[in-house]
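So that the names make sense, note that chain A is the first sequence line, chain B the second, and so on, each numbered from 1.
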Protein chains: 2
Amino acid sequence: MTALAAEDFLAQLHERLGEVVLTDPAAMERYAHDEAEWAAYALPLAVVRARSTEDVRVLVELCIAHRVAIVPRGSGTGLSGGANALSGSVVLSLERMDRVLEIDQQEKLAVVQPGVINDHLREAVAERGLWYPPDPASAPWSSIGGNVATNAGGLCCVKYGVTGDYVRELEVVTGTGEVVRLGRRTAKGVGGYDLRSLLVGSEGTLGIVTEVTVRLRPARPEERTIAGYFSSITAAGEAVAATLASGVVPSALELVDRTCLEAVDAWKQMGLSTEAEMVLLGRTDTPGADGAAEAALMQRCFEESGASFVAVSADAQESEALFAARRLAYPALERLGPVLTEDVCVPVGAVPEMLARIQASAASFDVRIANIAHAGDGNLHPLLITAPGDEAERERAQEAFEVILADALDLGGTVTGEHGVGLLKRAGLGRELSAPVVAMQRAVKDALDPHGILNPGKAIV
Amino acid sequence: MTALAAEDFLAQLHERLGEVVLTDPAAMERYAHDEAEWAAYALPLAVVRARSTEDVRVLVELCIAHRVAIVPRGSGTGLSGGANALSGSVVLSLERMDRVLEIDQQEKLAVVQPGVINDHLREAVAERGLWYPPDPASAPWSSIGGNVATNAGGLCCVKYGVTGDYVRELEVVTGTGEVVRLGRRTAKGVGGYDLRSLLVGSEGTLGIVTEVTVRLRPARPEERTIAGYFSSITAAGEAVAATLASGVVPSALELVDRTCLEAVDAWKQMGLSTEAEMVLLGRTDTPGADGAAEAALMQRCFEESGASFVAVSADAQESEALFAARRLAYPALERLGPVLTEDVCVPVGAVPEMLARIQASAASFDVRIANIAHAGDGNLHPLLITAPGDEAERERAQEAFEVILADALDLGGTVTGEHGVGLLKRAGLGRELSAPVVAMQRAVKDALDPHGILNPGKAIV
């Protein structure tokens with residue numbers, strides 16, 4: 001795009017969208033990237049802070065006419081660079097479209113704008129005795145639109161599934177500038193292709209989500225928490241496998257290692273025990289005597305796998321502290337230096353082996369790697385921590401990052417369980433998918449974004 | 001296609017695929033259609049009874065070269081004409097690919113060929129203490145490949161979801177003749193577009209499924225059944241709404257009317273009570289005291305909505321008889337004459353109103369309409385029964401069919417909850433979807449089936 005063409009485009013943008021357009025570089029900086037360390041970004045031509053679907057539609061119309069790329073973003077908590085701005089693009093922020101439009105108790109669904117923060121939705125529906133399960137660790141900050149764009153997971157996935165399992169209907173501005181509704185409000189429906197599921201997880205590359213209808217569940221029962229302390233990664237991995245083989249479907253099964261607990265405790269002074277190498281946090285929300293039996297069974301699985309100590313608690317406050325530490329691990333580690341977050345997912349039976357390989361990579365590349373994991377899903381988040389400004393360590397971390405991806409593929413896994421491909425995982429995805437599948441994905445992209453304006457260069461190979 | 005071109009194609013088909021090719025008209029007849037009454041079909045050029053993915057790949061290669069349409073079919077129990085043969089096409093039967101390839105107890109998944117019958121899969125995994133939930137009423141006869149092609153539902157959907165919720169990975173022969181794997185074996189994964197979900201429910205129009213990996217659950221607890229007998233459709237509809245509002249998530253919530261019960265009893269002599277206008281069958285599989293409390297709560301919901309009699313039973317045999325009657329309703333009615341099966345799905349709050357409108361259509365068009373319904377999902381199956389050979393009645397039934405579709409759309413519903421679009425619902429789908437959504441679906445079809453050989457004229461508008 002020439003400077004003159006850019007000027008013409010910006011003039012029309014100001015004329016059509018007025019005060020929602022930002023072009024001041026200092027103001028644009030915070031909209032130019034997400035939280036992915038080391039993913040490239042540039043300052044965009046402009047940032048549009050849409051107030052309505054119509055604002056989004058007008059932007060798409062202008063961008064089609066001028067062949068300008070649009071980079072949509074929610075609250076920018078992504079970890080793969082999916083929302084990173086491209087040179088010459090417009091960043092479309094949806095943070096102002098933050099209203100809960102409807103909560104229907106009879107149909108058990110909610111209709112929200114994409115900028116609604118996950119926790120706000122959860123609180124709003126809880127007031128009506130309902131529950132929105134998807135609970136990424138970023139729930140206090142991440143938006144439903146961003147959750148949909150990445151098909152975000154979370155802690156309760158192991159029993160209740162991921163974001164896409166709760167999306168009923170989407171309002172979308174398409175790559176041809178139409179406003180459409182994909183999916184439906186009814187509990188079931190098989191009319192035509194499932195474009196709703198296709199859009200979920202497509203990182204803004206197939207359409208821009210401007211409204212989301214999610215299904216809800218009745219308020220969940222109280223959970224029991226079982227915390228197991230292990231002196232080795234291997235023993236904790238065995239406890240995961242034993243728990244999953246026992247027939248219990250835990251409502252959470254999370255691993256947190258000592259590095260994470262120490263970082264959280266140093267930050268928040270929660271008085272966490274940091275003596276064990278690994279803590280395995282299991283939960284069950286089965287009510288009554290059956291829940292107690294499941295908790296006892298998990299406890300036995302932990303003990304027989306070599307836990308040094310196991311605590312069973314129905315005390316919400318005590319167990320909430322442990323889970324809060326789990327959720328705070330990522331920001332706590334970030335205080336120590338730049339953190340590169342992995343997101344591999346392997347078959348659950350391969351969790352002990354994958355954890356061992358991560359340890360081996362930490363040793364051979366001389367990189368500090370902390371571990372948190374949605375262990376019950378096989379979804380591991382090794383966190384590569386580097387010292388600020390240490391370029392050599394950063395390079396070693398990037399090498400380790402690639403080896404971890406290769407190990408996950410070698411064990412039958414995937415390069416991204418829940419964070420998305422964005423920019424950081426494109427090379428890895430190229431190793432994961434066969435050439436004909438890559439070609440199918442490109443064909444779908446070309447079919448639905450014929451002008452190539454929707455977040456180009458992201459999500460697919 | 002000229003007669004000469006057809007001859008050349010058939011010669012090559014015989015040469016490459018030999019004994020799996022049928023061309024005898026009498027032998028082909030039973031492969032030329034599914035169970036949809038009144039959906040058009042023609043005899044195909046040939047039927048190919050594939051033994052392997054390679055057979056399918058070879059067929060696709062030949063059909064691309066000769067521009068011959070392929071109509072894939074499982075066991076032919078579909079109810080929308082999706083498997084009906086087109087003139088000049090090849091019907092691809094997958095019934096011989098009927099092996100369970102793998103059951104992995106640790107990962108809780110099974111890998112099957114598409115011709116495996118639903119009940120056979122359920123039995124095979126039950127032997128290992130596992131459960132495959134999707135349970136269409138056709139489970140004794142329908143194949144997993146057909147279930148995937150239509151995203152089949154069933155009785156337990158209301159708590160456990162539909163076929164697509166259990167599909168982890170598909171092996172597919174694409175419209176360009178490649179053998180690909182879509183989705184993945186891991187519990188989570190967001191790498192690239194969700195082509196697996198796109199293929200589920202696409203009725204063989206985007207690719208031919210040659211292998212299916214499904215996730216399994218631990219064996220389910222025993223269920224309690226609550227049977228409520230009602231003297232009016234309205235009262236039964238109110239009981240459905242009350243149950244869903246109570247906070248209970250039933251493991252089934254099915255409506256069966258007197259016409260169905262009488263037809264089943266006349267056929268099977270099960271000694272069913274046929275005095276009530278409607279029977280509402282609720283189930284809960286919550287274990288222990290909580291399950292008993294849920295059953296009591298459902299009982300109260302039924303009674304307060306005006307049930308004349310409510311029976312709570314933990315007796316597997318007694319409750320199985322009632323559910324068997326529910327499953328046998330369709331074949332039992334077919335014994336009375338041609339049955340046109342509807343499959344609308346409406347918001348659950350609209351179930352009483354939709355049932356009333358169906359009654360009104362029966363009266364105004366003078367057509368006998370029986371009702372079974374997955375009431376907890378708002379998925380209704382009015383069954384339009386006509387006398388054999390009565391052309392005038394058949395025409396009235398077709399008019400009523402269209403009015404029922406229009407009523408469902410008017411109430412915020414869809415024209416097909418679980419049976420698929422096939423041929424019978426294409427016009428209705430055209431009324432349900434907006435023009436830009438129809439265009440998106442066509443764009444996806446063209447992208448993935450560039451030669452237009454995959455079951456053309458089905459599934460989309």
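In terms of heavy-atom pairs under 4.5 angstrom with chain B, the leader among Arg426(A), Lys445(A), Arg196(A), Arg442(A) is Lys445(A). Your options are Val180(A), Asp165(A), Val421(A), and the one with the most heavy-atom pairs under 4.5 Å with chain B is Val180(A). Top candidate by heavy-atom pairs under 4.5 Å with chain B, chosen from Pro347(A), Ala187(A), Ala245(A), Ala219(A), is Pro347(A). Of the listed residues (Val249(B), Leu206(B), Val346(B), Asn379(B)), the one with the most heavy-atom contacts under 4.5 Å to chain A is Leu206(B). In terms of heavy-atom pairs under 4.5 Å with chain B, the best-connected choice from Gly378(A), Ser434(A), Ala439(A), Gly192(A) is Gly192(A). The greatest number of non-hydrogen atom pairs below 4.5 Å with chain B, out of Gly175(A), Ala289(A), Cys345(A), is found for Cys345(A). When the candidates Pro450(B), Gly164(B), Gly191(B) are compared by the number of heavy-atom contacts under 4.5 Å with chain A, Gly191(B) comes out ahead. Among the candidates Gly201(A), Gly349(A), Ser202(A), Gly129(A), the residue making the largest number of heavy-atom pairs closer than 4.5 Å to chain B is Gly349(A).
Smallest separation of non-hydrogen atoms from Arg181(B) and Val437(A): O-CG2, 3.7 Å. In terms of heavy atoms, Met440(A) sits closest to Thr174(B) at SD-CG2, 3.8 Å. Here the closest non-hydrogen pair linking Gly247(B) and Pro218(A) is O-CG, 3.5 Å. Listed here is the closest heavy atom pair of Ala447(B) and Ala443(A): CB-O, 3.6 Å. When all heavy atoms of Asp194(A) and Ser197(B) are compared, the closest pair comes out as CB-O, 3.9 Å. Closest of all the heavy-atom pairs between Leu433(B) and Arg184(A) is CD2-NH2, 4.4 Å.
If you measure heavy-atom distances from Leu182(A) to chain B, the contacts under 4.5 Å come from the side chain alone. Contact annotation for Glu432(B): only side-chain heavy atoms (C-beta onward) come within less than 4.5 Å of a heavy atom of chain A. Contacts between His374(A) and chain B at a heavy-atom distance below 4.5 Å involve the side chain alone, from C-beta outward. The parts of Asp377(A) that come within reach of chain B are both its backbone and its side chain, each placing non-hydrogen atoms under 4.5 angstrom from that chain. Both the backbone and the side chain of Gln441(A) come within contact range of chain B, with heavy atoms under 4.5 Å apart.
Put simply, the side chain of Glu107(A) gets close to the backbone of Val348(B): a donor and an acceptor are under 3.5 Å apart. With hydrogens and angles ignored, the 3.5 Å screen pairs a side-chain donor or acceptor of Lys108(A) with a backbone N or O of Leu244(B).
Contact annotation: the side chain of Thr176(A) never approaches that of Pro436(B) to less than 4.5 Å [non-hydrogen atoms, C-beta and beyond]. Using a 4.5 Å heavy-atom cutoff, the side chains of Leu448(B) and Val444(A) are in contact. The side-chain heavy atoms of Leu195(A) and Leu198(B), taken from C-beta on, include a pair separated by under 4.5 Å.
Interface residues of residues 149-157 of chain B toward chain A, defined by a heavy-atom distance below 4.5 Å and sorted by number: Thr150(B), Asn151(B), Gly153(B), Gly154(B), Cys157(B).
For Glu294(A), the salt bridge (charged side-chain N to carboxylate O under 4.0 Å, His left out) criterion is met by no residue, not counting sequence neighbours. Listed by chain and number, the residues in a side-chain hydrogen bond (donor to acceptor under 3.5 Å, both in side chains) with Asn455(B) are Lys458(B) (sequence neighbours excluded). In this view, Gln106(B) satisfies the side-chain hydrogen bond (donor to acceptor under 3.5 Å, both in side chains) rule with no residue, not counting sequence neighbours.
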